[in-house]
Amino acid sequence: MQFTTDFFLRDTAEVARELLGHYLARETSEGLIKGIIVETEAYLSSSDPACHASRGQTKRNATMFGPPGKAYVYFIYGNHYCFNVVTGLEGKGEAVLLRAVQPVTGEDLMLKYRGNNCSEANLTSGPGKLCQAFAIDKSFDGHDLGDKPLYLLENKSAGKIGAIKATPRIGLSVGKEKMLRYIVEGNKYLSR
DNA sequence: GTTAAGATCTGCT
DNA sequence: GCAGATCTTAACG
């Protein structure tokens, strides 16, 4: 069962929290990769200096201003991709960053894409790592997350995954004080 | 045309 | 625990 547009049309912070426990799936020519989302961050358009959209629409962040339920992928620090889900009304410019997932299917493929011999807990515990393990790159910018080969799946047991906690966001120089990062407390695969 | 900063990760100390 | 790698984007001249 996949998500409908309505799910992403609600308050961005709420979507960020409710995505926890659901699946992110990726189909490659070599097989299926699947993980449970355990860490997200909300980026709001209004009064959120940390959000790319806060300084107006540009070529880079145009996807954020598009219709919800799409992937917003951007390149950062010369080495890493970050994967977001666009939320809110079209034109608003809000998104949820997926920071970490718990591997469920295709760990061998994740290992292969990550290259290095890393521990299981190190496979997807961070935005850049997650994108590497799922072989996500800029070509997925604007991709509809209801479509293969990259999509979100509803998990009926999402609520049982554990206690959900809000914390300050990670890695920002501004907007740190906002409690917009949502984690599954105590999960082994959190970025930190 | 040039420059500075960025939603990070890895390796070394 | 900390600095370096590495490159795209946006702002400025």
Atom CD of Glu41(A) and atom P of dG6(B): how far apart are they, to the nearest Å?
16 Å
With respect to the side chain of Pro127(A), which nucleotide from dA7(B), dT9(C), dC9(B) is positioned closest?
dC9(B)
Could you work out which one of dG6(B), dA10(C), dC9(B) sits closest to the side chain of His80(A)?
dC9(B)
Have a look at Leu180(A) and tell me which of Leu44(A), Val96(A), Thr12(A), Thr40(A) forms a side-chain contact (heavy atoms from CB on, under 4.5 Å) with it.
Leu44(A)
Could you give the CG-to-P distance, from Leu123(A) to dC9(B), as a whole number of Å?
13 Å
Nearest to the Tyr74(A) side chain among dA7(B), dT10(B), dA5(C), which nucleotide is it?
dA7(B)
Of the listed nucleotides dT8(C), dT10(B), dA7(B), the one nearest the side chain of Phe75(A)
dT8(C)
What heavy-atom pair brings Ala166(A) and Tyr182(A) nearest, and what distance separates the two atoms?
CB-CE2, 3.8 Å
Looking at Lys148(A) and Glu27(A), is there a salt bridge between them, counting it only when a charged N and a carboxylate O are closer than 4.0 Å?
yes
Do the side-chain N or O atoms of Arg114(A) get closer than 4.0 angstrom to the phosphate oxygens (OP1, OP2) of dT10(B)?
yes
dT6(C) C1' sits how many Å from Asn79(A) CG, rounded?
5 Å
Separation of dA5(B) C1' from Leu172(A) CG (nearest whole Å):
14 Å
Between Ser173(A) and dG6(B), is there a contact of a side-chain N or O with OP1 or OP2 at under 4.0 Å?
yes
Side chain of Lys129(A) only, please: which of dT10(B), dA5(C), dT9(C) is the nearest?
dT10(B)
Quick one: label Lys138(A) by what it contacts on the DNA or RNA (base, sugar-phosphate, nothing), any heavy atom closer than 4.0 Å.
sugar-phosphate
Nucleotide opposite dA5(B) in a Watson-Crick or G-U pair, distances under 3.5 Å:
dT8(C)
Provide, to the nearest angstrom, the distance between the CG atom belonging to Asp137(A) and the P atom belonging to dT8(C).
13 Å
Please state how far atom CD1 in Ile170(A) lies from atom C1' in dG6(B), giving the value in whole angstrom units.
16 Å
Establish, yes or no, whether a centroid distance under 6.0 Å links the rings of Tyr72(A) and Tyr74(A).
yes
Measuring to OP1 and OP2 of dA7(B), would you say a side-chain N or O of Arg181(A) lies under 4.0 angstrom away?
no
Which of dA7(B), dC7(C), dA10(C) is nearest the side chain of Cys82(A)? It is dA7(B)
May I have the distance from Lys59(A) (atom NZ) to dT8(C) (atom P), rounded to whole angstrom?
12 Å
When all nucleic acid strands are considered with a 4.0 Å heavy-atom cut-off, which category describes Arg55(A): base, sugar-phosphate, or nothing?
nothing
Could you give the distance from CG (Leu20(A)) to NZ (Lys165(A)), rounded to the nearest 0.5 Å?
13.5 Å
Of dA5(C), dA10(C), dA7(B), the nucleotide closest to the side chain of Tyr43(A) is dA7(B)
Whole-Å gap separating P (dA7(B)) and CZ (Arg192(A)):
14 Å
Would you mind telling me which of Lys92(A), Arg169(A), Arg55(A), Lys176(A) makes a salt bridge (charged side-chain N to carboxylate O under 4.0 Å, His left out) with Asp48(A)?
Arg169(A)
